[in-house]
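Written out below as C-alpha cells is the structure these notes cover.
In listed order, ligands and their atoms are each counted from 1.
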Amino acid sequence: MHVLVIIPTYNERENLPGLVRAVLARDDYHVMVVDDGSPDGTGEIADQLAAEFPGRVEVVHRTGARGLGRSYVDGLMRALAAGRAEVICQMDADWSHDPQYLPAMVAAARSHDVVIGSRYLNGVSVVNWPLQRIILSAFANRYIRSITRLSPRDCTSGYRCWRREILARLPLDRVVSDGYAFLVEMLYEASQRGANIGEVPIIFVERRQGVSKLSSGVVLESVVTPWRLVFRSLLGAPR
Ligand SMILES: Nc1nc2c(ncn2[C@@H]2O[C@H](COP(=O)(O)OP(=O)(O)O)[C@@H](O)[C@H]2O)c(=O)[nH]1
Ligand SMILES: [Mg+2]
C-alpha cells in the first residue's frame, strides 16, 4: 500500500534527516517535506534527502506567509492531485510523533477513514511536558469535544493517517484556521461527512532539539474555532 507521510518543517535541521530515514525504513512509505523557508537551512537538508532517496522524498518549498495549517493544506492538495498515495499521514518533524507507531496507524486506516495517534486514550501519555501544558491540552480537548460533540479523546493531535477518499471530500481550500485549530477543523469537517474516526495510542515525547513554535495567538484561535465550526454547520450543510 502506497503511504505518504507529510512532514511540515520550520527550523528542524537537527531532527529531519534521522526522522525521514526512520519513516523510509518501510519500503512502501514515502515522505513529503513542506518547508516554510526555514532560516536554519532545513529546506536544503530536505533537498539533499530528496536527492538521496529519489522517488521517495519530495520537498515543497513554501514562500510568503508561513503557517502550519497553510503548509498542510498545500501538502495535502498536492498529495491528492498526484493521486498515488492511498493513505496520507501527517506528523511533526521533532520526534514527538515516533515513526514506530505508523504501521499500527496505517493498519487501522484499513477500517477507518482517519486514524489519530492519540495521547489521551490510556490516561495521559505525554513525556516531558510541564504540568501547565498537560493541563492546557487536556482542558482544550474537553472543551473542544463538549462544544463540537467530536468523539475522539485527542482532537488536537497532529499525528494522523487519512484514507485519501475522505481527504478528497474535505473542503481543504476553505479551511481558514492555523495551528491546533486547523487540526480541529479538519476533524470536524471529516466527522460532518460521516467519517469513521479511529485512535491508536501513542506516547508523545516533547522535542529534545529545536524550539516549539506554539504561540498565544494559536491558543486563542483554538478557543474560538469550536464555536465557529458549530455555528457554520448550523448555517449550512457541509459541501
Ligand atoms: N511548514 C511549517 N511548519 C511549521 C510551522 N510551525 C511549526 N511547524 C512544524 O510543525 C510541527 C509542530 O511544531 P512544534 O513547534 O513542535 O509545535 P508543538 O509540538 O505544538 O510545540 C514541527 O514539525 C514544526 O517544524 C510553520 O509555520 N510552517
Ligand atoms: Mg513539537
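Side-chain N/O atoms of W162 and Q90 include a donor and acceptor closer than 3.5 Å. Using a 3.5 Å distance cut-off with no hydrogens or angles, the side chains of S137 and Y120 do pair a donor with an acceptor. Checked by atom type, the side-chain pair R119/T156 shows a donor-acceptor distance below 3.5 Å. A donor and an acceptor atom, one from each side chain of D36 and S71, are located under 3.5 Å apart.
With a heavy-atom cut-off of 4.0 Å, S71 touches ligand 1 through its side chain alone. Neither the backbone nor the side chain of R70 comes within contact range of ligand 1; no heavy atom lies under 4.0 Å. Using a 4.0 Å cut-off between heavy atoms, V34 contacts ligand 1 through its backbone alone, with no side-chain atom that close. Only side-chain heavy atoms of R133 come within less than 4.0 Å of ligand 1; its backbone N, CA, C and O stay farther off.
The salt bridge (charged side-chain N to carboxylate O under 4.0 Å, His left out) pairs that include a residue from residues 41-50 number zero, where partners must be two or more places apart or lie in different chains.
Between F204 and H97, the two ring planes are perpendicular [angle over 60°; tilted spans 30° to 60°].
Within the sub-2.8 Å shell of the Mg ion (ligand 2), the protein contributes these N/O/S atoms: D94 OD2.
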Which pairs would a plain distance check flag for residues 99-110, meaning a side-chain donor or acceptor within less than 3.5 Å of a matching protein atom at least two apart in sequence or in another chain?
| unit_1 | atom_1 | unit_2 | atom_2 | d |
| --- | --- | --- | --- | --- |
| Q100 | NE2 | D98 | OD2 | 3.4 |
| Y101 | OH | I203 | N | 3.1 |

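Close N/O approach between G67 and ligand 1 is found [any backbone or side-chain N/O within under 3.5 Å]. Checked by distance only, ligand 1 and E206 stay at 3.5 Å or farther apart across all their nitrogen or oxygen atoms. Taking only nitrogen or oxygen atoms, main chain and side chain alike, D35 does not reach within less than 3.5 Å of ligand 1.
Atom numbering of ligand 1 starts at 1 in the shown order; those under 4.0 Å from a heavy atom of E12 are 22 (C), 23 (O), 24 (C), 25 (O). Numbered from 1 in the order shown, with element, the atoms of ligand 1 that lie under 4.0 Å from a heavy atom of D94 read 16 (O), 19 (O). Residue contact check: A93 has heavy atoms under 4.0 Å from atoms 22 (C), 23 (O) of ligand 1. The atoms of ligand 1 that sit less than 4.0 Å from any heavy atom of Y180 are 18 (P), 20 (O).
With hydrogens and angles disregarded, a donor-acceptor distance shorter than 3.5 Å links the side chain of D35 to the backbone of S38. In this structure, R193 contributes its side chain and R169 its backbone to a donor-acceptor pair below 3.5 Å. Within the 3.5 Å criterion, the main-chain N or O of V205 finds a donor-acceptor partner in the side chain of S96. Checking side-chain atoms of E199 against main-chain N and O of R153 turns up a donor-acceptor pair under 3.5 Å.
A search for salt bridge (Lys or Arg N to Asp or Glu O under 4.0 Å) contacts involving E52 returns R21, not counting sequence neighbours.
Under a 4.0 angstrom heavy-atom cut-off, H61 registers as lying outside contact with ligand 1.
Between atom 27 (O) of ligand 1 and the options R66, H97, R207, the minimum heavy-atom separation is to R66.
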